[in-house]
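The structure appears right after this line, and notes come after that.
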Amino acid sequence: MKSSHWLVLLSAAGILAACSDGPAENTGEDVDSAIEDVTGEDTDAFEEAGENVDEATEDVDDEPQRF
């Protein structure tokens, strides 16, 4: 396989990994769905908050450990 094919494959894998939902975002989706079932109001507030939590947690995990 040519190196350009590997580059395209790795780029696609990175994009797919970046699109995956984290646990807090998934929980937020569930809360938003429950609210919509009860009130009929369609909101993504908890999903967005969960996404922010996942991103913040990811950023912390990427930081080197300092003791």
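- Glu36 and Asp42 make their closest contact through OE1-OD1, 3.6 Å (heavy atoms, listed as atom of the first residue, atom of the second, distance).
- Atom CD of Glu48 and atom OG1 of Thr43 lie 7.0 Å apart (nearest 0.5 Å).
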Trace of the side-chain contact (heavy atoms from CB on, under 4.5 Å) decision for Thr27 with Phe46: CA-CA 8 Å; Thr27 302; Phe46 286 94; over 6 Å; no
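- Nearest heavy-atom pair across Asn26 and Asp21 is OD1-CB, 3.1 Å.
- Residues Gly50 and Ala24 come closest through the heavy atom pair O-CB, 3.4 Å.
- With Ser33 contributing its side chain and Glu29 its backbone, the two residues share no donor-acceptor pair below 3.5 Å.
- For Glu25 against Asp54, the heavy-atom pair with the smallest separation is N-OD2, 2.9 Å.
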